[in-house]
Each structure stands twice: as structure tokens, then as C-alpha cells.
Amino acid sequence: QWANSSTSLSNLSTWTVEAWHYYTGTNAGVDPGAIAACIVTETYTGTPNAINYSLGNDNSVATTDLQAGFWTGVPWHTTGTGITLTTNTWNQIVGTYDGATIKLYINNSMVSSTSYSGTPTSSGLGIRLMRRWDNADYWGGRLAIVKIYDGALSQTGVTTSWNTNKARF
């Protein structure tokens, strides 16, 4: 299942997106060779050229690879080489951007990061869960918790959330 909200958050120059996600490995879409599904992202229709935050796939790597990042026009600014999630298990997935570095954490461990200084901007068009920003590409699985923060959590903040919620999953 996927969800869409027409309400957006304002511009977040630094951010954290966290999701507790059960991955089934069943991403699907309009072009099976180029699926760019997301767990959490903003809706995008072409104008403005902006996606403030994303946990998903930017369409430049394999269809099951997970990245954190944002888009301000070509190219995407992401954590780079994606991470393949283990299927049929719950994961805490956290993406952060502190104005200088984009980071991706899986289950309380930082698994990927890249340096980039730029200013993400909100599309102003809504939030999408388990679906690509513009097309009908879907990320397989279930969501239990989704949080979007105005500011980048530190490793300590990621660990606090992990310790607070891990027993539920």
C-alpha cells in the first residue's frame, strides 16, 4: 500500500527522515528495469525542480537499492551507492542532512554518507509514502513509524530512537 498527502512541509535546509519499515522485496513499477521507488519522499510534478528529502531510489542504481538524499535539479544529491535491504525483516531507516553531509543509517549503524553543501527546497506538493515522487513505482513492504525532523539527528539521536522502538519490532 502507498499513501499520498497534498500537504507539504516548508523548506528544510537540514533534515532527518526516519521510517521503521518491513521490506518484502517486491518493488514494482511502470518500467521494471528502471524502478525508482521510495519509502518516503515529496511529490514532484516538474515545477519547482525540488524534492526536499527522500529515502528511496534515485533511478541511477539497481531497483532495490536504498539511498537518502534530495533533488534540486540534475543530478540527485544522495548517499551514493545504494544499500540493499534484507527481505522479510523490520529495519529502522534514517536519512539525515546537516548542510554538509548526507547520511544513511540502517538499524542504528551509519552505512553510507557523502559530502555535499547545498540547500534543499520543498516541492510544496505533498508527501508520498511507499511510492516514487512522480510515477507509479512502488516500494514493497509495510511502514510502522514515519518521522520527519527539521534538523539532522546526530548518531546519539538515531541511537535514542533505535533504543526507544527496537523492542516493538
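- For the atom pair OG1 of T16 and CG of L55, the computed distance is 10.0 Å after rounding to the nearest 0.5 Å.
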Notebook entry, point to check: What's the verdict on side chain to side chain contact (heavy atoms under 4.5 Å, CB included) for D137 and N57, showing C-alpha distance, side-chain angles and the deciding distance?
Noted result: CA-CA 10 Å; D137 291 351; N57 182 293; over 6 Å; no
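- Contact of the E18 side chain with the Y149 side chain is registered, since non-hydrogen atoms from C-beta on lie closer than 4.5 Å.
- If you look at Y105 and W162, their ring centroids are not closer than 6.0 Å.
- To the nearest 0.5 Å, the span separating OH on Y53 from CG on L9 amounts to 4.5 Å.
- Side-chain contact check for I39 versus M130: some heavy-atom pair is nearer than 4.5 Å.
- Contact check for F70 versus I102: side-chain heavy atoms found under the 4.5 Å cut-off.
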Item checked: Residues N49, W71; criterion side chain to side chain contact (heavy atoms under 4.5 Å, CB included); working and verdict -> CA-CA 7 Å; N49 279 337; W71 191 67; 3.8 Å; yes
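- Atom SG of residue C38 and atom CG of residue D134 lie 9.0 Å apart, to the nearest 0.5 angstrom.
- Judged by distance alone, the side chains of Q67 and S112 never bring a donor and an acceptor atom under 3.5 Å apart.
- I93 is connected to Y23 through a chain of hydrophobic side-chain contacts under 4.5 Å among Ile, Leu, Val, Met, Phe, Trp and Tyr, so both are in one cluster.
- Residues L12 and L104 are members of one and the same hydrophobic cluster, defined by side-chain heavy-atom contacts under 4.5 angstrom among Ile, Leu, Val, Met, Phe, Trp and Tyr.
- Checking N108 against T159 by side-chain atom types alone, a donor-acceptor pair falls below 3.5 Å.
- A heavy-atom distance below 4.5 Å is found between the side chains of N27 and W139.
- At a threshold of 4.5 Å between non-hydrogen side-chain atoms, the residues W20 and K166 count as touching.
- With hydrophobic clusters built from ILVMFWY side chains whose heavy atoms lie under 4.5 angstrom apart, V94 does not share a cluster with L143.
- Here the side chains of S123 and W133 are not in contact, with every heavy-atom distance at 4.5 Å or above.
- For the side chain to side chain donor-acceptor pair (under 3.5 Å) test with N107, the passing option among N91, T86, T89 is N91; the others fail.
- Here the straight-line distance linking atom CH2 of W90 with atom OH of Y22 works out to 8.5 Å at 0.5 Å rounding.
- From T43, atom OG1 reaches atom CD1 of I127 across 8.0 Å, with rounding to the nearest 0.5 Å.
- For the atom pair CG of N4 and CZ of R131, the computed distance is 7.0 Å after rounding to the nearest 0.5 Å.
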